[in-house]
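To start, the structure itself, in structure tokens.
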Amino acid sequence: KAGVTQTPRYLIKTRGQQVTLSCSPISGHRSVSWYQQTPGQGLQFLFEYFSETQRNKGNFPGRFSGRQFSNSRSEMNVSTLELGDSALYLCASRRTDNYEQYFGPGTRLTVT
Amino acid sequence: GQQVMQIPQYQHVQEGEDFTTYCNSSTTLSNIQWYKQRPGGHPVFLIQLVKSGEVKKQKRLTFQFGEAKKNSSLHITATQTTDVGTYFCAGLQGGKLIFGQGTELSVKP
């Protein structure tokens, strides 16, 4: 079974720009969660989507948004980028009957 | 807010020594999971504990869930260089998985 895939793997953006990251979950997994990982803050939960609906949300500003499509693929968007948004963004998928998370390789975002 | 504290932040051991990382929550957890992230990699699921007082073993790794379901530990016996990485606990609270800060393990051969 193919794992979770994320695109792009690396991204460099300028302050004020916006960015869209993509995640394809493992086949059959309908839940997709997004996390931000930084050296100082560790793994921070952004949001979780299930059946195209946001199920849970972490404590991030409204500049961070996401969506999920009918095929369970998910995107997250960050608008008006700030330097502090530089991080590894990880997507994880899971089955609906289990909270075990399968992570993708992440997208390394650098904001200059 | 919801917090899961993990200690120590770093641990340096000689190959063959034991290693333990501890995880504590201010609130009761539905379950606790453990993940390992190798340098440059992504977190990989190790195990999930659900029951109060549960103990599970995977080869040299022993995982425990406290009686009050507020704390957990991961113990590695006789570390090897392949154990290098960051170990995260993650507690399930109200449908959200809250990660600890992680313990970075380095092993000197």
Side-chain angles (χ1 to χ4, degrees), chain A residues 1-10 21 23-26 29-51 53-60 66 87-109, chain B residues 1-10 21-51 54 56 58 63 65 69 72 85-106:
Chain A
K1 210 182 233 187
V4 177
T5 58
Q6 291 186 245
T7 56
R9 293 293 310 279
Y10 302 92
L21 313 181
C23 171
S24 292
I26 290 172
H29 288 194
R30 294 168 63 191
S31 168
V32 173
S33 295
W34 288 89
Y35 296 85
Q36 181 194 66
Q37 186 173 33
T38 58
Q41 298 296 318
L43 267 164
Q44 302 279 306
F45 172 75
L46 280 153
F47 27 67
E48 180 188 18
Y49 284 86
F50 174 74
S51 292
T53 302
Q54 188 179 87
R55 225 180 174 183
N56 275 303
K57 190 176 187 305
N59 298 323
F60 279 81
L88 179 67
Y89 290 89
L90 291 159
C91 160
S93 72
R94 66 175 179 89
R95 294 177 357 217
T96 50
D97 62 343
N98 193 313
Y99 278 91
E100 176 182 330
Q101 304 269 326
Y102 291 83
F103 284 85
T107 295
R108 173 75 61 186
L109 172 65
Chain B
Q2 300 161 331
Q3 277 196 344
V4 173
M5 307 301 293
Q6 193 173 350
I7 56 169
Q9 192 174 356
Y10 303 97
T21 173
Y22 301 91
C23 197
N24 288 286
S25 169
S26 55
T27 58
T28 303
L29 302 169
S30 302
N31 70 39
I32 193 140
Q33 301 176 12
W34 286 91
Y35 292 80
K36 177 183 178 181
Q37 185 173 20
R38 294 181 187 275
H42 57 273
V44 174
F45 175 83
L46 293 176
I47 208 159
Q48 176 174 276
L49 304 169
V50 179
K51 299 176 185 174
E54 190 170 12
K56 286 189 176 180
Q58 288 180 350
F63 304 84
F65 200 9
K69 299 183 77 173
S72 180
T86 300
Y87 292 85
F88 292 95
C89 63
L92 186 64
Q93 293 177 342
K96 293 182 188 179
L97 206 56
I98 310 298
F99 279 80
Q101 292 289 83
T103 295
E104 185 178 335
L105 172 66
S106 62

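Every value quoted in this text rests on a predicted model; they were computed, and no experiment measured them. Residue numbering restarts at 1 for every chain, and letters A, B, ... go by the order of the sequence lines.
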A:Gln44 versus B:Phe99: any side-chain heavy-atom pair under 4.5 Å? no
Portion of A:Glu48 that has a non-hydrogen atom of chain B nearer than 4.5 angstrom: side chain
Once you round to the nearest 0.5 Å, how far does NE2 of B:His42 lie from CD of A:Gln101? 12.5 Å
Side-chain touch A:Leu43/B:Pro43, heavy atoms, less than 4.5 angstrom: yes
Side-chain contact, heavy-atom cut-off 4.5 Å: A:Gln37 with B:Phe88? yes
OH of B:Tyr22: more than 12 outside heavy atoms within 6.0 angstrom? no
Under 3.5 Å: donor-acceptor pair, side chain of A:Tyr102, backbone of B:Phe45: no
Applying a heavy-atom distance below 4.5 Å, give me the residues of residues 89-99 of chain A that approach chain B, sorted by number. A:Leu90, A:Asn98, A:Tyr99
Under 4.5 Å to a heavy atom of chain A? For B:Leu92 that would be side chain
Could you give the distance from NZ (B:Lys96) to CZ (A:Arg55), rounded to the nearest 0.5 Å? 13.0 Å
